[in-house]
Amino acid sequence: MADGEILKKLEDSTKDAVAVQLQTLHTILQRNGRSSYLQRYGASLDTGSFREAVPLSCYDDYADYIDRMADGGGGDDDGDRPLLSVDPLVCFFNSSGTSSMKPKLIPYFDSPPSKAASHIAHQGSVAILRRLFPPRQSINKVLWFLYAGNVTYTKGGFKAMAASAFPLQSNNKNPSPFLSTSASPREVILGSNVEQQMYCHILCGLRNLDFLDGIRAPYAVGLIRAFALLEFKWEQICEDLKCGFPSMEITDIAMRDSVTEVLAGPQLDLSKRIRTICEGKNWGGIVGKLWPNVRYIKCVCTGSMEQYYQKLKYYAGEIPVLGGDYFASECCVGINLDILQPPQLTRFVLLPTAAYFEFLPFTLDEEEIGDDAQETVDFSGVEVGKMYEIVVTTYRGFFRYRLGDVVRVVGFHNTSPEVEFVMRAPKTPAEILTERDLMTAMGNFQLVLRTVKMPDVTEFASFFDLDSIPKQLKIFLEVAGVLQDEKLQELGSVLRRNFSSLEDGLGGVYKLRKGRGEVGPLLVSIVKPGSFNRLLQMATENGAPASQYKPPKIIRNLEIVHFMEGSALLTVSFDSSD
């Protein structure tokens with residue numbers, strides 16, 4: 001299907017989105033209505049009775065079904081009904097595992113209607129990119145920072161992987177388009193060590209620098225890590241190009257051999273060219289300096305990724321940073337029709353054919369947070385300016401499933417809602433801080449640090465300790481560079497003098513409960529450099545996909561908390577009542 005046809009199909013689906021949504025729900029119920037999960041709520045569910053009969057759900061409601069499927073069981077106790085879907089189970093997708101370290105297993109069924117909707121969404125995204133940047137015959141490579149090798153097997157023999165890894169790991173006879181355009185060989189993408197893979201991606205990207213059209217990653221943090229590695233390792237990279245083979249630090253034999261083949265012998269002139277650029281250590285606009293033909297950088301920059309956008313723009317210089325789409329492991333949610341917009345102006349048009357969507361009204365009012373008695377609304381009931389948690393019913397076995405994402409409706413594209421991503425929803429009413437609150441507070445504090453010429457905060461996360469008396473909010477900060485003891489103490493002094501600038505951004509719920517005396521003094525710890533990178537390693541060791549990893553902002557796992565507390569170089573306590 002040509003790009004114009006795909007975009008027209010997407011456009012047409014938004015013109016009578018409410019009717020398309022009802023047809024989507026009808027198709028899902030017709031196909032999976034006899035699943036064991038749905039049969040608990042009635043033998044003959046239809047579009048009229050569905051929302052009244054079936055309750056809202058979360059992952060825990062499906063965990064037993066998913067565990068049984070992962071162990072090799074396909075039906076209910078009688079063996080008559082499929083557990084979640086009539087379609088064959090292909091594999092499982094791992095969620096990011098951001099806050100809990102252990103990823104969820106999202107079943108991936110071979111569902112023809114889901115594949116059709118997903119195909120249109122993904123091809124629509126490609127068509128939008130091609131419309132802005134028409135393909136060039138010889139300059140056609142992309143430096144893709146993809147890590148698709150972290151594949152495990154369930155007890156029943158099913159693969160579990162990142163959704164982005166599926167095209168590369170499936171047994172489809174047609175090779176993935178990623179491979180035909182990637183500057184890196186398959187062995188790098190499917191490697192087993194993220195740090196080594198990242199290094200080899202950069203090395204291959206530099207070997208192909210004149211043929212590179214774009215640089216991509218699923219999330220902005222992946223590119224920030226890659227450019228930081230380039231800053232740190234550029235001399236070794238130049239040496240590798242000069243010698244014609246990668247550093248001995250690359251221990252994966254298949255990866256070493258494939259990169260050596262890409263390098264195609266010593267590249268003395270190329271090594272000198274890159275050394276001349278990097279030895280000035282001026283990393284602003286480094287993308288255009290190293291890759292003169294690159295036209296764009298593309299990744300998701302919304303939500304918790306927004307904190308990395310300015311740093312990414314610094315590296316990009318004049319090269320545009322394009323936004324990503326709103327695709328989840330459970331289903332495609334929305335498409336970004338204007339990818340040139342910065343994250344604060346990014347809008348996603350919800351895809352009426354991708355799933356059946358409902359919207360649970362969301363508020364930051366402390367008295368109403370966690371109120372599950374609220375009714376959901378559909379496409380016809382959303383109001384511009386209001387926030388909602390997205391609820392999806394998918395072709396692949398999730399029914400009235402709370403995605404945990406909070407969006408704000410900002411308008412309509414034809415009759416389909418247009419939303420901006422706000423944040424991840426709080427898990428429980430006990431949480432006093434949202435991702436958005438924490439990011440606002442850290443943005444305020446970052447400005448203070450710059451005015452006194454202190455190092456930038458590169459990563460941060462919080463933990464609300466319910467077991468301490470009184471309850472206590474803990475914030476962990478990692479700053480750029482290696483801090484000598486004198487500089488560390490100076491940073492501690494800046495923290496003590498400017499706690500109010502940090503606390504002022506922590507949101508109304510925190511301030512209210514702090515004022516009531518329900519929350520003790522705020523605790524801020526400066527952790528060792530590399531601590532958040534270690535969290536990535538810990539998460540991937542527990543099965544989280546590296547490509548989809550997002551550093552946690554709200555920590556809910558005690559293992560992470562203990563690690564961060566053990567990594568603290570300096571901890572400052574502050575009571576605003578002092």
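Everything numeric here is computed off the predicted structure, so don't read it as measured data.
In plain terms, the two heavy atoms of Leu38 and Leu29 that are nearest each other are CD1-CD2, 3.9 Å. Between Met161 and Phe166, the closest heavy-atom pair is SD-CA, 3.6 Å. Scanning all heavy atoms of the two residues, the minimum distance from Leu56 to Asp61 falls at O-OD2, 4.3 Å. Closest approach of Cys301 and Val321 over heavy atoms only: SG-CG1, 4.0 Å. Val391 approaches Leu360 most closely through the heavy-atom pair CG2-CB, 4.4 Å.
Between Lys8 and Asp12 there is a salt bridge, with a side-chain nitrogen of the basic residue lying less than 4.0 Å from a carboxylate oxygen of the acidic one. Contact check on Glu330 versus Arg396 returns no salt bridge, with no Lys/Arg side-chain nitrogen under 4.0 Å from an Asp/Glu carboxylate oxygen. Between Arg408 and Glu420, at least one side-chain N (NZ, or NE/NH1/NH2) sits under 4.0 Å from a carboxylate O, which counts as a salt bridge. With salt bridges taken as basic N to acidic carboxylate O contacts below 4.0 Å, one links Lys474 and Asp465. Ion pairing between Glu459 and Lys553 holds under the 4.0 Å rule for side-chain N and carboxylate O.
Aromatic ring centres of Phe133 and Tyr296: separated by under 6.0 Å. Residues Phe476 and Phe463 keep their aromatic ring centres 6.0 Å or farther apart. Taking the six-membered ring for Trp and the full ring otherwise, Tyr108 and Phe93 have centroids separated by under 6.0 Å.
The one candidate from Thr302, Asp405, Asn336 that meets the side chain to side chain donor-acceptor pair (under 3.5 Å) condition with Tyr326 is Asp405.
Side chain of His119 to backbone of Lys115: no donor-acceptor contact under 3.5 angstrom is found. Under a 3.5 Å cut-off, the side chain of Thr27 and the backbone N or O of Gln23 do form a donor-acceptor pair. Ser468 places a side-chain N or O within donor-acceptor distance of the main-chain N or O of Gln472, the cut-off being under 3.5 Å. At least one donor-acceptor pair under 3.5 Å links the side chain of Gln21 to the backbone N or O of Ala355. Not a single donor-acceptor pair under 3.5 Å links the side chain of Ser114 to the backbone N or O of Ser111. Although no hydrogens or angles enter the test, the distance criterion places a donor-acceptor pair under 3.5 Å between the side chain of Asp378 and the main chain of Ser380. Panel note: side chain Gln123, backbone Ile120; no donor-acceptor pair is recorded below 3.5 Å. Between the side chain of Thr394 and the backbone N or O of Phe398 there is at least one donor-acceptor pair closer than 3.5 Å. Formation of a donor-acceptor pair under 3.5 Å by the Thr154 side chain with backbone atoms of Asp71 is not found in this model. Although no hydrogens or angles enter the test, the distance criterion places no donor-acceptor pair under 3.5 Å between the side chain of Gln307 and the main chain of Met439.
A search for side-chain contact (heavy atoms from CB on, under 4.5 Å) contacts involving Ala217 returns Phe145, Leu223, not counting sequence neighbours. Residues passing the salt bridge (Lys or Arg N to Asp or Glu O under 4.0 Å) test with Asp338, sequence neighbours excluded: none. With sequence neighbours left out, Tyr41 forms a side-chain contact (heavy atoms from CB on, under 4.5 Å) with Tyr37, Val54, Pro55. With sequence neighbours excluded, the residues that form a salt bridge (Lys or Arg N to Asp or Glu O under 4.0 Å) with Glu306 are Arg436. Checked against salt bridge (Lys or Arg N to Asp or Glu O under 4.0 Å), Lys9 has no partners two or more places apart in sequence or in another chain.
Judged purely by distance below 3.5 Å, without hydrogens or angles, the side chains of His26 and Thr47 never pair a donor atom with an acceptor atom. Using modelled atom types, one finds a donor on one side chain and an acceptor on the other under 3.5 Å when comparing Thr434 with Asp437.
The aromatic rings of Phe357 and Phe379 sit parallel, their planes meeting at an angle under 30°, below the 60° perpendicular limit.
The side-chain heavy atoms of Ile189 and His201, taken from C-beta on, include a pair separated by under 4.5 Å. With contacts defined as side-chain heavy-atom distances shorter than 4.5 Å, the pair Lys298/Ile339 qualifies. Inter-residue side-chain proximity for Tyr395 and Thr24 is flagged as met; some heavy-atom pair is nearer than 4.5 Å. For the pair Pro551/Val221, a side-chain contact is recorded, criterion being any heavy-atom separation below 4.5 Å from C-beta on. Counting heavy atoms from C-beta outward, Leu506 and Leu473 have side chains that approach closer than 4.5 Å.
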Could you go through Tyr62 and Tyr401, starting from their C-alpha distance and side-chain angles, then the distance that decides it, and tell me whether this counts as ring pair (Phe, Tyr, Trp, His ring centres under 6.0 Å)? CA-CA 10 Å; Tyr62 301 88; Tyr401 179 83; 5.8 Å; yes
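Among residues at least two apart or in separate chains, salt bridge (Lys or Arg N to Asp or Glu O under 4.0 Å) pairs with a member in residues 349-359 are Arg51-Glu358, Glu358-Arg400.
Few gaps surround CD on Gln344; more than 12 heavy atoms of other groups in view lie less than 6.0 Å from it. Shown here is Lys511, whose NZ atom has more than 12 heavy atoms of other residues, nucleotides or ligands within 6.0 Å.
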